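The sequence lines fix the lettering, A, B, ..., with proteins before strands; numbering per chain opens at 1. Given the structure is predicted, the values throughout are model-derived calculations rather than measurements.
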Amino acid sequence: MKVKITVNGMLYNKHIPNDMMLLEFLRKYGYVSVKRGCDTSNCGLCTVWVEGKPVLSCSYPAARADGKNVTTLEGVKDEAASFGRYMTAQGVEQCGYCSPGFIMAALAMRRELTNPTEEEVAHYLAGNLCRCSGYAGQTRALRAWLHDKPWEKEGQV
Amino acid sequence: MYTIKSYVFPESLEEADELLHRDCRNNAVLGGCCWLKLGRRRIRWAIDLTRLGLDQIEVKDGFLELGACITLRQLETHPAVTARFDGLLGESVSHIVGVPFRNCATVGGSVFSRFGFSDLTCALLALDASVVLYRGGEVPLAEFMASPIAFDDILLKVRIKDDGRRAAYQSVRRSATDFPTLAVAVSCLDGRWKVSVGARPGRAVQAEEAARCLNDGRGPEAAGVAAGAELTFGTDLRAGADYRKKLAAVLVRRAAQTCIERENKG
Ligand SMILES: Cc1cc2nc3c(=O)[nH]c(=O)nc-3n(C[C@H](O)[C@H](O)[C@H](O)COP(=O)(O)OP(=O)(O)OC[C@H]3O[C@@H](n4cnc5c(N)ncnc54)[C@H](O)[C@@H]3O)c2cc1C
Ligand code: FES
Ligand code: FES
């Protein structure tokens with residue numbers, strides 16, 4: 001079928017297979033930050049935003065994204081890099097495969113929740129799994145990032 | 001993973017129904033697709049309902065109405081839902097996988113599927129909700145839950161009497177985002193109680209005797225024991241039947257106590 005999907009501000013007017021998932025569409029057009037993990041809606045690795053809301057691209061039909069705005073990590077790369085520095089400082093990443101999905105969920109969270117408590121942060125990000133770490137590093141990085149609010153100084157939305 | 005031959009956005013409910021009934025076995029209504037995509041269905045016509053205005057949350061004629069395309073996340077965040085029934089509906093779904101998942105999975109897909117593990121149907125049963133089907137009309141959820149699944153109708157919305165009842169939810173999970181090992185919801189209006197128990201692991205059902213205990217003032221402890229005794233429980237990889245029975249007694253007691261405390265606080 002024919003779809004018009006805008007990814008990070010760029011319009012794609014394409015023919016796609018009817019059962020294509022958004023994950024496959026995005027990777028096909030070079031958005032390789034989007035990772036396939038479980039492919040069963042369990043791990044959160046494939047998180048991207050549709051109309052600003054985090055969704056699982058492995059389970060989101062590409063056809064449904066017709067006429068919609070999709071954001072991947074490439075589309076918020078400055079803010080992602082800024083948050084990434086907090087992750088690096090805390091030694092969060094081991095294999096790093098979970099990071100793009102985790103970062104997309106974290107950036108969505110800071111837009112959605114005002115001054116979240118640590119419990120609210122943990123709850124919001126509970127669906128983004130990391131098989132290498134024990135989440136302690138992520139928790140420290142999030143705490144520092146939410147405390148510093150670098151996005152205010154860096155002029156991000 | 002499913003395959004889809006034709007993907008359609010019908011322009012009306014009539015068209016959606018007509019497409020479905022061309023071949024109910026091989027055509028499918030799409031909800032959030034989180035569950036559907038895990039199967040291996042060879043779908044002829046995939047019917048996407050998202051352009052039919054079924055994404056409304058309305059308070060109308062004394063009822064809270066939840067459109068089939070409402071996402072589970074909206075139940076946690078929409079003020080019309082969070083402000084009612086002590087936030088029962090939002091709380092019931094808040095442990096399902098994660099936020100990106102709950103931004104996809106829908107009320108329609110969750111309720112129509114009548115999963116034994118469903119947190120949402122357990123909560124809705126305690127609110128005495130009903131479902132509105134395109135062909136079948138309005139059906140009490142308890143009746144719908146007891147009926148076999150035939151993929152020959154479209155769930156349009158869920159209706160709940162906006163009667164200000166107090167409510168509470170309890171579930172136990174082996175890990176934070178796992179399926180529930182057992183789920184319990186209770187509600188109370190003017191001293192009349194509803195108790196439902198889900199993930200037994202069979203479908204959620206109302207625990208009538210437990211509700212009677214509470215109605216008669218015999219208290220949460222007695223209600224818990226009654227729920228454990230009156231319902232059947234099964235064994236699966238999450239828990240044994242005996243454990244679930246004991247769990248039911250504890251969770252019904254806790255939920256009823258919470259509800260009473262909320263009532264007392266006003
Ligand atoms: C990994 C995973 C973990 C989960 N954990 C939990 C949990 O802990 N607790 C819990 O309660 N649930 C859980 N669920 C279930 C989930 O919450 C949803 O209920 C499920 O994904 C179905 O909703 P959906 O919108 O994705 O529907 P879909 O997957 O799109 O559809 C499911 C079925 O319903 C049909 N359908 C969809 N919408 C309609 C409609 N409007 N009318 C008629 N038929 C319709 C479809 O044809 C299909 O047969 C889990 C699911 C997954 C995949
Ligand atoms: S790859 Fe999408 S949730 Fe795991
Ligand atoms: S760092 Fe390896 S999965 Fe998270």
Q: With a 4.5 angstrom heavy-atom cut-off, could you sort out which part of B:Ile96 is near chain A: side chain, backbone, both or neither?
A: neither
Q: Could you tell me which portion of B:Cys104 (side chain, backbone, both or neither) has an atom closer than 4.5 angstrom to a non-hydrogen atom of chain A?
A: side chain
Q: Specify which of A:Asp66, A:Asn128, A:Leu125 makes the most heavy-atom pairs with chain B at under 4.5 Å.
A: A:Asp66
Q: State, to 0.1 Å, how close A:Arg64 and B:Phe9 come at their nearest heavy-atom pair, and which atoms those are.
A: CA-CZ, 3.9 Å
Q: Hey, does the side chain of B:Asn103 reach the backbone of A:Val55 with a donor-acceptor pair shorter than 3.5 angstrom?
A: no
Q: Could you tell me whether B:Lys5 atom NZ has more than 12 heavy atoms of other residues or ligands within 6.0 Å of it?
A: no
Q: Within the supplied structure, the quantity of interest is the number of heavy atoms (other residues, nucleotides, ligands) at a distance under 6.0 Å from A:Lys53 NZ; does it exceed 12?
A: no
Q: Do you know which two heavy atoms are closest between B:Tyr7 and A:Pro61, and how far apart they sit?
A: OH-CB, 3.7 Å
Q: For the pair A:His123 (side chain) and B:Ser94 (backbone), establish whether a donor and an acceptor sit closer than 3.5 Å, ignoring hydrogens and angles.
A: yes
Q: Does B:Tyr243, at its OH atom, have more than 12 non-hydrogen atoms belonging to other residues, nucleotides or ligands within less than 6.0 Å?
A: no
Q: Under 4.5 Å heavy-atom distance to chain B, tell me which part of A:Thr47 shows up: side chain, backbone, both or neither.
A: side chain
Q: In terms of heavy-atom pairs under 4.5 Å, which option from B:Thr177, B:Thr3, B:Thr71 contacts chain A the most?
A: B:Thr3
Q: Quick one: side-chain contact (heavy atoms from CB on, under 4.5 Å) partners of B:Lys37, sequence neighbours excluded?
A: A:Met21, A:Asp39, A:Cys58, A:Ser59, B:Met1, B:Tyr2
Q: Nearest 0.5 Å, what's the SG-CG distance between B:Cys33 and A:Leu56?
A: 12.0 Å
Q: Check the surroundings of atom NZ in B:Lys265: do more than 12 heavy atoms from other residues, nucleotides or ligands lie under 6.0 Å from it?
A: no
Q: If contact means a heavy atom pair closer than 4.5 Å, which residues of residues 6-20 of chain A contact chain B?
A: A:Asn18, A:Asp19
Q: How about B:Arg40: does its CZ atom have over 12 heavy atoms from other parts shown lying under 6.0 Å from it?
A: no
